[in-house]
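All remarks here apply to the structure that follows.
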Amino acid sequence: MAERAPEGWTDTERALWEAYRQGEILDLRSGEANTDDPFGDAPWGPDRTVRAEVLAHLLLVGPEPAPGRVASLRFSGVLVTGALNLAGGAIDDYVELHDCRFAHKILISEAAASTLRFVNCLIPRLEASRLSTTGDLHLARCRVPDGIRLTDARIGTDLLLNQTVVGGDRHGRAVSADGITVNQDFEAERLETRGELSVRTARIGGRLSLRGAQLRADRRHNPTCLNAVRVTVGHTLYLTGSADLGWVGSRGYYGSGYGENPPPDGPVTPFRAFGRVRLSDSRFDGACLVSGEFHLEGEDELSLRRIHTPELRFTCKVRPTGTVSLSRARVGNLVDTPEAWPLGKHLGLTGFVYENLRPVGAFPVQQRIAWLEGSSVDFQPESYEQLAAALRRDGADDDAREVLYAKQRRRRRTLPLPARVWGAVQDATVGYGYRPGRAGLWLLLAWILGSLWFATHPLDPLKVDERPHWNPVLYTLNQLLPIVDLNQGGWNPGGLTQWISAGLVVVGWLLASTVVAGATRMLQRG
């Protein structure tokens, strides 16, 4: 293998050849911030320019490293002209580029590589479908105006898009990574997109972090800003805020505050989504944390349909402006706040199953019932049963009965008129058996009023030759409790008094039947 650069290469390209053989960094930055800014307008002359074909030559058929050295392609502050085409190639060397400009897109589809790191670079477009790496793929703090394509790529360790700004292609897609496999973490913290971020059917071994990301749909082509349908995440999904401490002005890949616990009152950049968010049919083996801002328009929806996760934290500080759907989702712990959920029938809870309720702060049962009844569908008794069961598991039996009482009241509105009337009577008297104390009050009131009436309207004996002792209080109680014989059957009511006696019997039977129903429900715990 030749130890000298090919003929026709510029001085800068020959310097890169030698740096490659030595495994050293070629740094062509001037040291002036305005001049070195890869996203600025300052011109970079021939002394900072390298042709894309030179990079391809080094990476695909590069020279042998110098004795005792490991070859690598590392440079900073370089303008790369022409389209860098490495599609289908084998890139065995370590690649790390800082603060560079690419005049045309990068093509590395179907390529096999070790570790590729592009940091703070301007790349018009990255085509890397079915790329396979044994190490990381870093695109930290880059700008990619025409989008990134990583469809069916296989990343050996981490994929990093932190602080990167990505525009959309002609179809309104910013990042197309359907079918991607990332063996460890997929970090896209403070990512900014103008177009869809699509990771459908992705397999991520660690966490998928979009903390502080700003995702905007390109509504001219596609109303979806995040499409993560049928994704499998081995740890946790983060759609949460990112503490500003350690990020603002940071020159590190992650920000110097990465992994630290920021002060609770410190400034935070929230996750923001402007468009549809689809997480349907996904599985998060650790947790699903949702506390961002969701700016949904028209038919837009935050879809958590059929997700599976041991814990769902839904703690948005700003209510979503559109629909949130949890239909047929299955979670272990539901951690939420009353203020996080949308209002106005924009909540889908059909078939939503959760094991435990772990609200952050106060979430009274009446607010929980309102949350349930804020569902976008008609009356569903199983939703009430699900909530009552979760409350019982936490030992809140009184709250569980409150939920079942609300279920009966909501059900009444779906019944025919006669059934609604009967339901209203049951509600007013004993609250469908969940308010048994009301029966005692009604019985006491009927006893008092009946006793007062009969005290001023004594009855004639049934047999004229018998004169039993008249007791209006016992007679009234005997009518109210017809299954109990207090030896008050020797009187002969007539006229209005007869109607009052009959009414007391009916009221007694009604109250007794509902009290028995209520006692049965209490004994059975719903």
Any pair counted as ring pair (Phe, Tyr, Trp, His ring centres under 6.0 Å), so long as it reaches residues 189-228, sequence neighbours left out:
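Residue pairs passing ring pair (Phe, Tyr, Trp, His ring centres under 6.0 Å), neighbours aside: none found.
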
For the side chain of [X] and the backbone of [Y], is there at least one donor-acceptor N/O pair under 3.5 Å apart?
X      : Y      : result
Ser198 : Ala177 : no
Ser375 : Leu372 : no
Arg190 : Ser242 : yes
Thr321 : Leu296 : yes

Applying side chain to side chain contact (heavy atoms under 4.5 Å, CB included), run through Phe118 and Val144 and close with a yes or a no.
CA-CA 11 Å; Phe118 300 87; Val144 191; over 6 Å; no

Side chain to side chain donor-acceptor pair (under 3.5 Å) partners of [X], counting only residues at least two apart:
X      : result
His235 : none
Thr350 : Gln380
Ser282 : none
Asp37  : none

Partners passing ring-ring contact (aromatic ring centres under 6.0 Å, His included) against [X] (at least two apart in sequence or in another chain):
X      : value
His308 : none
Phe284 : none
Trp371 : Trp341
Phe75  : none

Identify whether the distance between the nearest side-chain nitrogen and carboxylate oxygen of Arg358 and Glu311 falls below 4.0 Å.
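Result for this pair is no, no salt bridge flagged.
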
Charged N-O contact under 4.0 Å between Arg74 and Glu96:
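Answer for the salt bridge query: no.
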
Show, in sequence, the C-alpha distance, side-chain angles and deciding distance for Ile106 and Leu86, and conclude whether the side chain to side chain contact (heavy atoms under 4.5 Å, CB included) test is met.
CA-CA 8 Å; Ile106 299 176; Leu86 302 170; 5.6 Å; no

Is the number of heavy atoms from other residues, nucleotides or ligands under 6.0 Å of Arg276 CZ greater than 12?
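It does: Arg276 CZ has more than 12 such atoms within range.
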
All pairs passing salt bridge (Lys or Arg N to Asp or Glu O under 4.0 Å) where [range] contributes a residue, at least two apart:
range            : value
residues 324-342 : Asp336-Arg368
residues 144-155 : none
residues 223-239 : none

Report yes if the side chains of Glu402 and Ile369 come closer than 4.5 Å at any heavy-atom pair, otherwise no.
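Answer yes - side chains close enough.
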
Asn183 versus Thr157: any side-chain heavy-atom pair under 4.5 Å?
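A side-chain contact is absent here, since even the closest heavy-atom pair is not under 4.5 Å.
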
Test side chain to side chain contact (heavy atoms under 4.5 Å, CB included) on Leu279 and Leu237 and set out the steps.
CA-CA 10 Å; Leu279 302 172; Leu237 169 68; 3.9 Å; yes

Compute both the distance and the angle, then confirm whether Arg211 meets the cation-pi test with Tyr238: under 6.0 Å from the six-membered ring centre, within 45 degrees of the axis.
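Ring-cation test returns yes.
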
Aromatic ring pairing Phe274/His295, orientation class (parallel under 30°, perpendicular over 60°, tilted between)
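Plane angle under 30°, so parallel.
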
From CA spacing to verdict: side chain to side chain contact (heavy atoms under 4.5 Å, CB included), Leu312, Leu326:
CA-CA 11 Å; Leu312 170 63; Leu326 285 157; 3.7 Å; yes

